[in-house]
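Structure first, then comments.
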Amino acid sequence: MVGPWVQAARQSEKTGPSTAQETPLPAGALYVTDAGLLSLPRLSFLSEQGIFWLTAASLRPKIIDEQGRVWDLPTLLSRRPKAVIDEPIKVGLKEQVPCRLIAVPLPATKNKDKPSGQAARRKGSHHDVQVGRTKARKRKVRRLKPTCSKRRAVQDWLLLLTNVPKDRLSAQEARELMRARWQIELIWKLWKQWGQIDVWRSEQPMRILCEVFAKLIGMIIQHWLTIVGCWSNLHRSLVKASHLVKKIAPAILWTMHGPLTRSMLLERSCLVMRRCRLNPRRKHPNTSQHLLRLSG
């Protein structure tokens, strides 16, 4: 892991003081990212540096096909058969970044057009006693806005853009790589849901900052122990590993004043952490199952 970077909570990731986009990459590397974190000038710069990239397609820029015709993405897909699409295009009217458009049809699901409410997980200040409040707070509910017409037109497609040649990356491999990118989001979910890094027990700014930094330090140590203990296991379970780290955390005090040394504690923890494996699934396979199926 490189990072994490700390910046203002309301500041955009693209305009932060130290972002992942500023990390230099060697020529021939593959940069897998989301559409919201890249711009067309950035894609053009990566291509000039000999760096490959794979990203989700955005609906905003225009697309130029091999015949020189200009399309928007929903209209282009409506003129193509409902099958896997892998064709060379240029993105943008001004930059005209050459790349491949990979479109994979997705299975249809029900109620895609129906907006729904989702209970928001409580964040921010938590107190044991709510001082000066007599009435219980109502739980907030996120109101999801209905999707626009362009988004509804492509909701049955997985849309990717990449500059990797076909002989080095097939459409199926690109899909699995984009699926594997979700693992970083699961780490943030783990840190927030089980590490509670976005929850604090005070309303004093400096106390909040101290608590956030303390929890971040704890999550980094937890991640380091996970790397040492079970990261080499393709079927590792980060949630089970985090639960194990919490159980062995009090034993660190024994290494300060007791017969147990830190090396002994680390060695025993790694032996137990090897059992932190994901349960195999048939209907919705894990990412590790998808990768093994693809390599086989």
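All residue numbers refer to positions in the sequence shown, counting from 1.
Counting non-hydrogen atoms of neighbouring residues, nucleotides and ligands closer than 6.0 angstrom, the NZ atom of K246 exceeds 12 such neighbours. Remark: K82 NZ is packed, more than 12 non-hydrogen atoms of other residues, nucleotides or ligands lying under 6.0 Å away. The number of heavy-atom neighbours closer than 6.0 Å to CZ of R281, taken from other residues, nucleotides and ligands shown, is above 12.
Between V70 and the choices L76, I64, D65, I63, the side chain to side chain contact (heavy atoms under 4.5 Å, CB included) rule is met once, by I64. The only member of R179, H235, Q183 that meets side chain to side chain donor-acceptor pair (under 3.5 Å) when paired with T287 is Q183.
Here the side chain of R277 pairs no donor or acceptor atom with the backbone of R236 at under 3.5 angstrom. N163 places a side-chain N or O within donor-acceptor distance of the main-chain N or O of W53, the cut-off being under 3.5 Å. At distances below 3.5 Å, not a single donor-acceptor pair connects side-chain atoms of S44 with backbone N or O atoms of P41. E48 places no side-chain N or O within 3.5 Å of a backbone atom of F45 that could act as its donor or acceptor partner. Using a distance-only test at 3.5 Å, with no hydrogens or angles considered, a donor-acceptor pair links the side chain of R100 to the main chain of V164.
Atom CG of residue L46 and atom CZ of residue F52 lie 11.5 Å apart, to the nearest 0.5 angstrom.
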Practice prompt. Evaluate the criterion salt bridge (charged side-chain N to carboxylate O under 4.0 Å, His left out) for residue pair E185 and R181; output intermediate values, then yes/no.
Written response: CA-CA 8 Å; E185 305 296 340; R181 185 192 174 273; 3.7 Å; yes
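Using a cut-off of 4.0 Å between Lys/Arg side-chain N and Asp/Glu carboxylate O, E87 and R80 are scored as salt-bridged. With respect to the salt-bridge test (charged N to carboxylate O, under 4.0 angstrom), the residues E211 and K215 qualify.
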